[in-house]
Chemist: 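Before I ask anything, let me first share the structure, which is written out below as structure tokens.
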Amino acid sequence: MNVQTITDIFFDLDHTLWDFERNSALAFQTVLKHHSINVAVDDFLKIYVPLNKWYWEQYRKEELSQAQLRYGRLKDTFDQLGYDISDSTIDVLSAAYIHELPMNNYLYEGALEVLDYLQSDYRLHIITNGFQSVQDGKLKNSGIGKYFTTVTNSETAGVKKPNPLIFHKALEMAQCQAKSAIMIGDCLEADIQGALNVGMAAIFFNEFKIEVPSHVQQVFHLTELKAIL
């Protein structure tokens, strides 16, 4: 990667800048209490978190619809907990969670510092597989929306990362060539390989220090980007 040629930086949002798991836990804490669901939030999350990850992987692969994702992850969680709950209540909880999620806005440590540092030398953008209304709320309520020139989401693009079309759409919106762009994200398949496949550079945000292929450039903390870019 030749940093001298980079003009535009594309970030993933959830699990990269916006601390999804922390904010999601707070949202469920509020929702379960408000709707008098007699389940300890820690017990709920222990089952929900891996289920949600699986459902998102299926959604990304076009195996599930948005509605199936939102219903199924809750239905399966309550089933595994042995908690009797109606479909109508699941629908109410799902809508309440989607509403509550952008109200909690913890960012990863160093996120603001890095965005402040990068904005003077690069145009910054977002590419996300998240739902537009929810992601827009996160960007606005967390105060980081001001940093980004464009925001490309899977709903408006019609496809999800790692599909090349969403990257081409983002580059078109940014009026940027792939060779002048870099993608930063937490998913090796969706963010890193997806970007590399269209000729962009990429940096993997390796929060959990997993083993990665030798060709993948990585950082373990967001502030490490300052030494690269």
Side-chain angles (χ1 to χ4, degrees), residues 1 6 8-27 49 52-53 55-57 59-60 101-102 104-119 122-132 134-155 157 160-163 166-167 169-171 173-174 176 181-198 200-213 216-229:
M1 177 183 68
I6 301 297
D8 293 70
I9 299 175
F10 294 80
F11 281 94
D12 179 39
L13 183 57
D14 294 335
H15 304 284
T16 300
L17 295 171
W18 198 83
D19 192 341
F20 180 88
E21 298 303 346
R22 185 176 184 182
N23 295 321
S24 178
L26 290 168
V49 169
N52 184 52
K53 182 179 180 181
Y55 266 90
W56 269 100
E57 288 172 355
Y59 176 71
R60 176 162 51 82
L101 186 58
N104 304 282
N105 289 284
Y106 285 98
L107 301 172
Y108 277 101
E109 185 179 0
L112 289 175
E113 178 184 342
V114 164
L115 292 174
D116 277 329
Y117 175 82
L118 295 175
Q119 71 171 342
Y122 304 94
R123 292 188 297 269
L124 307 182
H125 312 272
I126 291 286
I127 308 179
T128 173
N129 280 351
F131 308 126
Q132 181 174 1
V134 181
Q135 302 304 74
D136 287 350
K138 292 173 184 175
L139 289 167
K140 178 182 177 182
N141 295 341
S142 66
I144 63 173
K146 63 185 179 183
Y147 290 102
F148 302 106
T149 305
T150 68
V151 177
T152 304
N153 64 73
S154 56
E155 280 191 293
K160 308 170 189 71
K161 296 177 293 184
N163 191 308
I166 192 170
F167 291 96
K169 174 71 172 178
L171 290 167
M173 288 178 61
C176 171
I182 190 167
M183 177 76 201
I184 300 168
D186 71 293
C187 182
L188 281 171
E189 181 182 359
D191 298 315
I192 306 309
Q193 197 57 51
L196 294 174
N197 286 345
V198 300
M200 298 170 66
I203 298 175
F204 178 51
F205 175 46
N206 193 356
E207 177 187 6
F208 300 108
K209 297 181 170 61
I210 66 171
E211 189 172 345
V212 300
V216 172
Q217 186 163 11
Q218 62 183 318
V219 295
F220 301 108
H221 191 282
L222 289 176
T223 54
E224 293 175 43
L225 293 170
K226 294 168 65 176
I228 300 173
L229 296 165

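Here, residue 1 is the first one in the sequence, and each next residue gets the next number.
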Chemist: Between W18 and L139, is any pair of side-chain heavy atoms under 4.5 Å apart?
Modeler: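 Contact flag for W18/L139 side chains = no.
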Chemist: Step through the shown structure and confirm whether more than 12 heavy atoms of other residues, nucleotides or ligands are within 6.0 Å of NZ on K226.
Modeler: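 Yes, the 6.0 Å shell around NZ holds more than 12 heavy atoms from other groups.
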Chemist: Okay, side chain of Q218, backbone of F204: is any donor-acceptor separation there less than 3.5 Å?
Modeler: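 Checking the backbone N and O of F204 against the side chain of Q218, no donor-acceptor pair under 3.5 Å is found.
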Chemist: Drop me the distance from L17's CG to D12's CG, to the nearest 0.5 angstrom.
Modeler: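 The distance works out to 7.5 Å.
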Chemist: Got a second to check how far Q217's CD is from L196's CG, nearest 0.5 Å?
Modeler: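 Spacing of CD (Q217) from CG (L196) equals 10.5 Å.
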Chemist: Examine distances only and state if a side-chain atom of N206 and a backbone atom of I210 form a donor-acceptor pair shorter than 3.5 Å.
Modeler: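 Side chain of N206 to backbone of I210, a donor-acceptor pair under 3.5 Å: yes, one is there.
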Chemist: Using a cut-off of 6.0 Å, state whether more than 12 heavy atoms not belonging to E21 lie near its atom CD.
Modeler: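 Correct, the count exceeds 12.
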Chemist: Please check this pair: side chain of Q135 against backbone of Q132, looking for a donor-acceptor N/O pair closer than 3.5 Å.
Modeler: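 No, because the side chain of Q135 does not come within donor-acceptor range (under 3.5 Å) of the backbone of Q132.
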Chemist: How close do L124 and F11 get, heavy atom to heavy atom, and via which atoms?
Modeler: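 That would be CD2-CE1, 4.4 Å.
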Chemist: State, yes or no, whether a side-chain contact exists between R22 and N104 at a heavy-atom distance under 4.5 Å.
Modeler: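 Result no, sub-4.5 Å side-chain heavy-atom pair not found.
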Chemist: Assess the residue pair F10 and Y122 against the criterion (ring-ring contact (aromatic ring centres under 6.0 Å, His included)); give the C-alpha distance rounded to whole Å, side-chain angles, the decisive distance to 0.1 Å, and a yes or no.
Modeler: CA-CA 10 Å; F10 294 80; Y122 304 94; over 10 Å; no
Chemist: With a 4.5 Å cut-off on side-chain heavy atoms, are L171 and M200 touching?
Modeler: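 Result yes, sub-4.5 Å side-chain heavy-atom pair found.
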Chemist: With a 3.5 Å distance limit and no angle check, can you tell me whether N141 reaches the backbone of P102 through a side-chain donor-acceptor pair?
Modeler: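 Present.
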Chemist: Are any non-hydrogen side-chain atoms of I203 and L225 less than 4.5 angstrom apart?
Modeler: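 Result yes, sub-4.5 Å side-chain heavy-atom pair found.
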Chemist: Considering only heavy atoms from C-beta outward, does the side chain of K138 approach that of V134 to under 4.5 Å?
Modeler: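 In short, these two side chains touch, coming nearer than 4.5 Å.
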Chemist: Check whether any side-chain heavy atom of I144 lies under 4.5 Å from a side-chain heavy atom of L13, and answer yes or no.
Modeler: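 In short, these two side chains touch, coming nearer than 4.5 Å.
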Chemist: Considering all heavy atoms of both residues, which atom of I182 and which atom of A202 are nearest to each other, and what is their separation?
Modeler: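 Minimum heavy-atom contact is CG1-N, 3.7 Å.
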Chemist: For the CG atom of D19 and the CG atom of D14, what is their distance to the nearest 0.5 Å?
Modeler: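 Here the interatomic distance stands at 10.0 Å.
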Chemist: Checking the side chain of S142 only, and the main-chain atoms of N105 only, is there a donor and an acceptor separated by less than 3.5 Å?
Modeler: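 Checking the backbone N and O of N105 against the side chain of S142, no donor-acceptor pair under 3.5 Å is found.
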Chemist: Less than 4.5 Å apart, any side-chain heavy atom of I192 and any of C187?
Modeler: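 Of all side-chain heavy-atom pairs linking C187 with I192, none is under 4.5 Å.
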Chemist: Please find the pair of heavy atoms, one from C176 and one from A181, that lie closest to each other, and give the distance.
Modeler: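 So the minimum-distance heavy-atom pair works out to SG-CB, 3.8 Å.
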Chemist: How far apart are the closest heavy atoms of I127 and A170, and which atoms are they?
Modeler: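 In this case the closest contact between I127 and A170 is CD1-CB, 3.6 Å.
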Chemist: Which pair of non-hydrogen atoms, one from M173 and one from T150, has the smallest distance, and what is that distance?
Modeler: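 For M173 and T150, the tightest heavy-atom pair comes out as O-CG2, 3.7 Å.
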Chemist: Check step by step if side chain to side chain contact (heavy atoms under 4.5 Å, CB included) holds for L118 and Y147.
Modeler: CA-CA 9 Å; L118 295 175; Y147 290 102; over 6 Å; no
Chemist: Does K160 NZ have over 12 foreign heavy atoms under 6.0 Å away?
Modeler: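 Yes, NZ of K160 has more than 12 neighbouring heavy atoms, counting only those of other groups under 6.0 Å.
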Chemist: Do the non-hydrogen side-chain atoms of R60 and N129 ever get within less than 4.5 Å of each other?
Modeler: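 Result yes, sub-4.5 Å side-chain heavy-atom pair found.
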Chemist: Quick one: is the NZ or CZ of K161 closer than 6.0 Å to the six-membered ring centre of F167, and within 45° of its axis?
Modeler: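 Because its charged atom misses either the 6.0 Å distance or the 45° angle limit, K161 does not stack over F167.
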Chemist: Supply the atom-to-atom distance L112 CG to L107 CG, rounded to the nearest 0.5 angstrom.
Modeler: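 So the CG of L112 and the CG of L107 are separated by 5.5 Å.
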Chemist: For residues N153 and I166, report the shortest heavy-atom separation together with the two atoms involved.
Modeler: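 Closest approach of N153 to I166: C-CD1, 4.1 Å.
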Chemist: Going through the checks in order, is the side chain to side chain contact (heavy atoms under 4.5 Å, CB included) test met by E207 and H221?
Modeler: CA-CA 7 Å; E207 177 187 6; H221 191 282; over 6 Å; no
Chemist: State whether a side-chain donor-acceptor pair under 3.5 Å links T149 with H125.
Modeler: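 There is no such pair between these side chains.
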Chemist: Can you classify the ring geometry of F205 versus Y108 as parallel (below 30°), tilted (30 to 60°) or perpendicular (above 60°)?
Modeler: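 The arrangement is perpendicular - the two ring planes meet at more than 60°.
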Chemist: Okay, side chain of N23, backbone of Y106: is any donor-acceptor separation there less than 3.5 Å?
Modeler: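 Judged by distance alone, yes, a pair lies under 3.5 Å.
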